[in-house]
Amino acid sequence: MNTRAWIVFLDASGASLLPQIRRSYAPRGRTPRLRHRLNWKRASMAGALGFHSTDPGRGARLCFHLKPGSYDTAGLIEVLEQMKVFYRGERVVLVRDGLSAHWSRAMRAWVAEQDWLTPERLPACAPELNPVELLWPPLRKRELANLAGDHLADVADATEQGIHRINTNPRPPWSFLAHTGLTIHPPTPQNQ
């Protein structure tokens with residue numbers, strides 16, 4: 001394995017038109033009410049959070065993908081194609097969970113043709129090792145909280161605003177990594 005690579009953690013999550021109910025403030029005697037259409041339309045979100053293995057100064061990079069419905073193998077290949085452009089074809093070690101679409105026959109065949117990508121699997125039942133898992137709660141607690149949108153575009157807009165908020169501050173991606181207990185240190189040169 002090439003040691004000059006991006007270590008990228010991938011995770012997928014979902015959002016729907018049903019509002020994420022959170023506390024809010026209102027004048028005394030005026031209980032806030034959320035009106036929505038009880039629409040179950042869903043969107044899937046994929047986040048890829050990358051850290052350079054030898055140069056932490058290059059910063060953390062967050063790649064985000066949103067699509068209606070749920071991810072299947074073709075949808076995840078689309079995410080990886082976007083990631084290839086995002087990382088400009090640099091070497092990527094992709095760390096992902098055991099979602100069946102990640103390890104399907106078609107996905108394995110596609111990955112085998114990619115010279116820039118090396119897949120690795122997280123241990124089973126270990127979401128705490130994936131820093132991208134920590135990306136979803138802040139989005140749900142802030143941008144998606146009490147959002148009663150009529151269309152998936154409303155959810156998409158709010159989610160993209162949250163991703164932009166997280167991307168403009170360099171601290172959250174590194175704190176997500178620190179919370180997992182994982183570290184990325186460049187190798188120290190040997191004294192000669």
Side-chain angles (χ1 to χ4, degrees), residues 6-22 34 36-51 60-87 92-111 114 117 119-168 172-173 176-177 179-180:
W6 287 91
I7 299 170
V8 178
F9 296 88
L10 177 69
D11 189 48
S13 186
S16 76
L17 288 179
L18 293 178
Q20 301 275 327
I21 308 299
R22 297 288 182 258
L34 282 177
H36 60 89
R37 299 176 186 228
L38 279 174
N39 196 327
W40 289 92
K41 287 186 181 174
R42 293 188 53 84
S44 293
M45 308 178 286
L49 186 55
F51 305 90
R61 298 194 67 198
L62 176 60
C63 179
F64 179 75
H65 187 269
L66 183 73
K67 74 178 253 37
S70 56
Y71 282 111
D72 56 4
T73 300
L76 287 173
I77 288 174
E78 183 181 323
V79 170
L80 295 177
E81 289 283 356
Q82 177 185 338
M83 213 169 72
K84 181 179 182 178
V85 172
F86 187 76
Y87 286 102
V92 168
V93 176
L94 183 66
V95 183
R96 52 197 177 163
D97 58 18
L99 181 68
S100 61
H102 288 313
W103 302 100
S104 69
R105 191 173 293 145
M107 177 65 82
R108 287 187 308 230
W110 184 86
V111 167
Q114 309 303 312
L117 186 64
E120 294 293 336
R121 187 176 190 157
L122 282 169
C125 300
E128 67 276 3
L129 295 178
N130 192 341
V132 183
E133 292 280 354
L134 299 166
L135 171 67
W136 311 127
L139 289 175
R140 288 193 178 102
K141 288 179 183 172
R142 190 161 173 181
E143 282 77 17
L144 297 177
N146 299 324
L147 176 69
D150 290 327
H151 306 284
L152 281 177
D154 300 332
V155 174
D157 290 343
T159 303
E160 287 174 5
Q161 287 174 3
I163 292 296
H164 178 72
R165 176 181 55 83
I166 291 169
N167 255 343
T168 56
F176 297 161
L177 181 68
H179 189 76
T180 65

Legend entry - side chain to side chain donor-acceptor pair (under 3.5 Å) involving Ser13 - partner list, sequence neighbours excluded: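 For Ser13, the residues satisfying side chain to side chain donor-acceptor pair (under 3.5 Å) (neighbours in sequence not counted) are Arg140.
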Legend entry - Counterpart residues, side chain to side chain donor-acceptor pair (under 3.5 Å), relative to Gln114 (two or more places apart):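 Expected list: Trp116.
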If every non-hydrogen atom of [X] is compared with every non-hydrogen atom of [Y], which pair is closest and at what distance?
X     : Y     : result
Ser70 : Ser44 : CA-OG, 3.0 Å
Ala43 : Leu66 : CB-CD1, 4.1 Å
Ala60 : Phe51 : CB-CE2, 3.6 Å
Tyr71 : Ala12 : CD1-CB, 4.0 Å
Ala48 : Leu10 : CB-CD1, 4.1 Å

Would you mind reporting whether [Y] and [X] have side-chain heavy atoms less than 4.5 Å apart?
X      : Y      : value
Ile166 : Leu135 : yes
Leu80  : Met107 : yes
Tyr87  : Leu117 : no
Thr180 : Phe9   : no

Applying side-chain contact (heavy atoms from CB on, under 4.5 Å), name anything that partners [X], two or more places apart in sequence or on another chain.
X      : answer
Arg165 : Pro138, Arg142, Glu143
Leu122 : Val95, Leu129, Asn130
Ala74  : Asp72
Gln82  : Cys63, His65

Legend entry - Derivation of the side chain to side chain contact (heavy atoms under 4.5 Å, CB included) call for Thr73 and Ile77: CA-CA 6 Å; Thr73 300; Ile77 288 174; 4.0 Å; yes
Legend entry - With Phe86 via ring pair (Phe, Tyr, Trp, His ring centres under 6.0 Å) - residues at least two apart: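 None.
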Inset, instruction - Please name all residues satisfying ring pair (Phe, Tyr, Trp, His ring centres under 6.0 Å) with Phe64, sequence neighbours left out, ordered by chain then number. - result: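 Result, ring pair (Phe, Tyr, Trp, His ring centres under 6.0 Å) vs Phe64: none returned.
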Inset, instruction - Hey, could you give me the CD1/CG distance between Ile7 and Leu49, rounded to the nearest 0.5 Å? - result: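 The distance works out to 11.5 Å.
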Legend entry - Approximate separation, where rounding is to 0.5 Å, of Arg96 CZ and Glu120 CD: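 Answer for the CZ-CD pair, Arg96 versus Glu120, is 9.5 Å.
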